[in-house]
Amino acid sequence: MELWLLWVIQLAPLLAFIKIQLCPKSFKKIAPIIGILGSALAAAVALFLLWVHADDKGLLPIQYLYKWLEVADFRIYYGVPIEQYVMRFGFLVDKLNLLMIVIVTVISFFVQVFSAYYMESDPSRPRYFAFLSLFSFSMTGLVLSNNLMQTFIFWELVGLSSYLLIGFWYEKKSAGDAARKAFVLNRLGDLGFYLGVIWLFMIFGTVNFQSFEIQKLQTALTPGVLALLGILVFTGIMGKSAQFPLHVWLPDAMEGPTPVSALIHSATMVAAGVFLLARAFPLFSASHVTMNFILVIGSLTAITGACLATIQRDIKKILAYSTISQLGLMVMSMGAGSSVAGMFHLSTHAFFKSLLFLSAGAFIHHFHSNDIWEIGKKGGKKDILTMGVLCIGLLSLSGIFPFAGFFSKDMILETLKERGAVFYCTALFVSFLTAYYSFRLLFVILFSRSEAPGGHDLHNERKETFVMSLCRVLPLISLAGISLWVGSLGTPVGHFKILHWLGGHETHFDKQIFMTTTGLITAALLIAFFQFRNPATAEEKLQTSKNLVKFVLERNFFMDDILGFIVKRVGLVFAKMLNWFDRTIINEMMVNQSSFSVMRLGRVASKLQNGLLQNYLLWAVGAGVLIIFYTLR
């Protein structure tokens, strides 16, 4: 029965995608219903499976394997028997992916519901819901995979789905550019991932997650090979989870519809990288070099994202850079040796970040602007529900007690404190900046004076129907409630259930970390308050002020320029050289000349058969004379 349920989770979104695509044009209007039902079914089954295994009766992990193909009939590597070169696909069910599949399906369901409201008047709504269902199918397949090769296949499907959704409004040049940028940078990272998977299979004989044991890996492979394999696989994570320096695609991905941003930034695409870190954690932790590399990359990502979020005006870009920063913290935790802390923060972050993006979507839908100053001027604070859930999300993001982000972020800080002062101080600085840009966003909307009474009613939008109001309100309230509750599962109040579930231990209250983070958050709050208590004045100062720090931040630490130079100047020049070699050497000199030589030989040979008997006799007599002459000699 469990196997059937896994197939339901896997295939429900795919069937929704197929049904929407095959619907006649006259029935395309039911696309939202099909998408929502598919995601609801997957979420319900995932929650049921979690409930079945909640008592931890020792039944997990469970694998369902299907033989796919025999890769080789000879020994590729001396240490691996021929019998091991068999690729098996299937499902792996354990505590880690049961938690992840619930997060993915539940948030996908709420995003689909909110999308019915957000995309109500979009003429391409059926195509949107089809792509959203394809995205959910790709992510569920990735989470349930039992080996790295199967993960890679769904990894690429996630990349394709994100490309389609980021460039959904392809008539806008900026949307098309953003989709291509995301696609290209992810392919750069995935190249390393692919090479790592193939090499690992050749010299280790399997890429099944259950076979990754630290001692077994260290016995079979040398330290140098282990380090290189881990770094190669991690490059795929760098692309997918927007790690430095491949982070530049994620803010541009905001060109897609806002619910897509909520899905990408919370539970699916960018979370896939962190999940893979936890899924294949023995492969990475078997090498100290790999773990140090991961820790350094995570640190650079966290501080880069936090710094860039402090200067943004676009509410979606603030949240996008915030996601980059929080992903950096998760990766730092993994690099420091605690996959439990990283996954705990991924779990809390998924719900409050999706809540923040859907809140941003509600503002954008009402006020037709992404600019936080414009939202404030048009009466954003009068939308009580959206402001309320926005506050819950921002307080959780800032790590304020007793919101969810406080517990998971403090657990990461505790891990980094044991790892070293440099990384601990980096995480503290990131926490300070996180609180600063969160309160900056809040104060600009809250303290702005409305230009005219009536707020969003000025837009003369037609009154919402009950169904559309429900599609807007239900996801916001539900995600707010879940984000308040999920953090308690890592505390004595929740009996540390999520930590025990992930294989961790109970944490103890660290007074020093609490006092330090409280002081930093208070300082950030006061700085943001005094700087933005009058948003109009603050806006004028920001527009007129010029300094080196602002210039560097506005240019994204010149990362776009550097990557643009590499792609356009180096990559395109190299591509032109390859193009010349292919056309001149391969096509002209080798392929074409070979065919031309055969044609010339054919023309000569054709003269031997011209239909004239006397010519045939002449050739025969000539050949006979030559044979006699050669024989006599």
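A donor-acceptor pair under 3.5 Å is absent between the side-chain atoms of Asn556 and the main chain of Phe558, judged by distance alone. Side chain of Ser325 to backbone of Ala302: a donor-acceptor contact under 3.5 angstrom is found. With Asn146 contributing its side chain and Phe89 its backbone, the two residues share no donor-acceptor pair below 3.5 Å. In this structure, the side chain of Asn97 engages the main chain of Leu92 through a donor-acceptor pair within 3.5 Å. Here the side chain of Gln243 pairs no donor or acceptor atom with the backbone of Gly239 at under 3.5 angstrom. Of the possible donor and acceptor atoms, none in the side chain of Ser261 sits under 3.5 Å from a partner among the backbone N and O of Met254. No donor-acceptor pair closer than 3.5 Å links the side chain of Ser478 to the backbone N or O of Pro475. A side-chain donor-acceptor contact under 3.5 Å links Arg533 to the backbone of Phe530. Between the side chain of Thr348 and the main chain of His345, a donor-acceptor pair closer than 3.5 Å is present. Side-chain atoms of Glu213 never come within 3.5 Å of backbone atoms of Pro282 as a donor-acceptor pair (strictly under, hydrogens ignored).
Applying the side-chain contact (heavy atoms from CB on, under 4.5 Å) test between Thr516 and each of Leu413, Asp410, Leu428 identifies Leu428 as the sole match. Leu144 pairs with exactly one of Phe91, Phe154, Tyr64 by the side-chain contact (heavy atoms from CB on, under 4.5 Å) rule, that one being Phe91.
Two residues are said to be in side-chain contact when any heavy atoms from C-beta on lie closer than 4.5 Å; Met411 and Val340 meet this criterion. In this structure, Thr235 and Leu246 have side chains that are not in contact, with every pair of non-hydrogen atoms separated by 4.5 Å or more. In this structure the side chain of Met238 reaches within 4.5 angstrom of the side chain of Pro245, judged on heavy atoms. In this structure the side chain of Leu295 never reaches within 4.5 angstrom of the side chain of Met334, judged on heavy atoms. Between Leu489 and Phe407, the closest side-chain pair of non-hydrogen atoms is not below 4.5 Å. Counting heavy atoms from C-beta on, the side chains of Phe209 and Leu276 come closer than 4.5 Å. Within the 4.5 Å cutoff, no side-chain heavy atoms of Phe352 are placed close to those of Leu395. Glu554 is listed as a side-chain neighbour of Ile311, based on a closest heavy-atom distance under 4.5 Å.
Open room surrounds OH on Tyr194; 12 or fewer heavy atoms of other groups in view lie less than 6.0 Å from it. By the neighbour-count criterion of 12 heavy atoms within 6.0 Å, atom NZ of Lys497 is sparsely surrounded, having that number or fewer from other residues, nucleotides or ligands.
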*Stepwise ring-ring contact (aromatic ring centres under 6.0 Å, His included) check, Phe401 with Phe406*: CA-CA 6 Å; Phe401 182 84; Phe406 166 80; 5.2 Å; yes
_Under the criterion side chain to side chain contact (heavy atoms under 4.5 Å, CB included), I'd like the reasoning laid out for Leu542 against Phe532: C-alpha separation, chi angles, the key distance, then a yes or no._
CA-CA 11 Å; Leu542 289 173; Phe532 298 102; 4.0 Å; yes
*Determine, step by step, whether Leu221 and Leu229 satisfy the side chain to side chain contact (heavy atoms under 4.5 Å, CB included) criterion, reporting the C-alpha distance in whole Å, the side-chain angles of both residues, the deciding distance to 0.1 Å, and the verdict.*
CA-CA 10 Å; Leu221 307 173; Leu229 281 172; 3.8 Å; yes
*Full working for ring-ring contact (aromatic ring centres under 6.0 Å, His included) between Phe529 and Phe439*: CA-CA 8 Å; Phe529 175 78; Phe439 286 114; over 10 Å; no
*Just do the side chain to side chain contact (heavy atoms under 4.5 Å, CB included) check on Ile318 and Arg440 with the steps written out, would you?*
CA-CA 10 Å; Ile318 294 172; Arg440 171 181 177 266; 3.9 Å; yes
*After noting the C-alpha distance and the side-chain angles of Gln531 and Tyr436, does the key distance pass the side-chain hydrogen bond (donor to acceptor under 3.5 Å, both in side chains) rule?*
CA-CA 10 Å; Gln531 191 174 0; Tyr436 170 75; 2.7 Å; yes
*side chain to side chain contact (heavy atoms under 4.5 Å, CB included) assessment of Thr415 paired with Met332*: CA-CA 9 Å; Thr415 301; Met332 285 179 75; over 6 Å; no
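Across all their heavy atoms, Ile392 and Phe403 have their closest contact at O-CD2, 4.2 Å. For Ser333 against Ser338, the heavy-atom pair with the smallest separation is OG-O, 2.8 Å. The heavy-atom pair separating Ser396 from Gly405 by the smallest distance is OG-N, 2.9 Å. For Ser138 against Ser161, the heavy-atom pair with the smallest separation is OG-OG, 3.4 Å. Ala227 approaches Val289 most closely through the heavy-atom pair CB-CB, 3.9 Å. Annotation for Ala271 and Leu346: closest pair O-CD1, 3.7 Å, computed over non-hydrogen atoms.
Figure legend: cation-pi geometry between Arg187 and Phe183, with NZ or CZ positioned under 6.0 Å from the six-membered ring centre and within 45° of its axis. Taking the ring centre of Trp501 as origin, the terminal cationic atom of Lys95 falls inside the region bounded by 6.0 Å and 45° from the ring axis.
Checked by atom type, the side-chain pair Tyr437/Ser322 shows a donor-acceptor distance below 3.5 Å. Gln326 and Tyr321 share no donor-acceptor pair across their side chains, judged by distance under 3.5 Å alone. If you check the side chains of Gln63 and Asn208, you find a donor sitting under 3.5 Å from an acceptor.
One finds the CG atom of Leu195 at 11.5 Å from the CZ atom of Phe193 (value rounded to the nearest 0.5 Å). Atom CZ in Phe351 sits 11.0 Å away from atom CG in Leu355 (nearest 0.5 Å). For the atom pair CE of Met343 and CG of Leu277, the computed distance is 10.5 Å after rounding to the nearest 0.5 Å. The structure places OG1 of Thr323 at 8.5 Å from CG of Leu397, a figure rounded to the nearest 0.5 Å. In this structure, Ile62 CD1 and Glu2 CD are separated by 4.0 Å, a value rounded to the nearest 0.5 Å. Rounded to the nearest 0.5 angstrom, His349 NE2 and Phe344 CZ are separated by 14.0 Å.
In this structure, His247 and Phe244 have parallel ring planes: the angle between them is below the 30° cut-off, well short of the 60° mark. Between Phe234 and Phe284, the ring-plane angle classifies as perpendicular under the 30° and 60° cut-offs.
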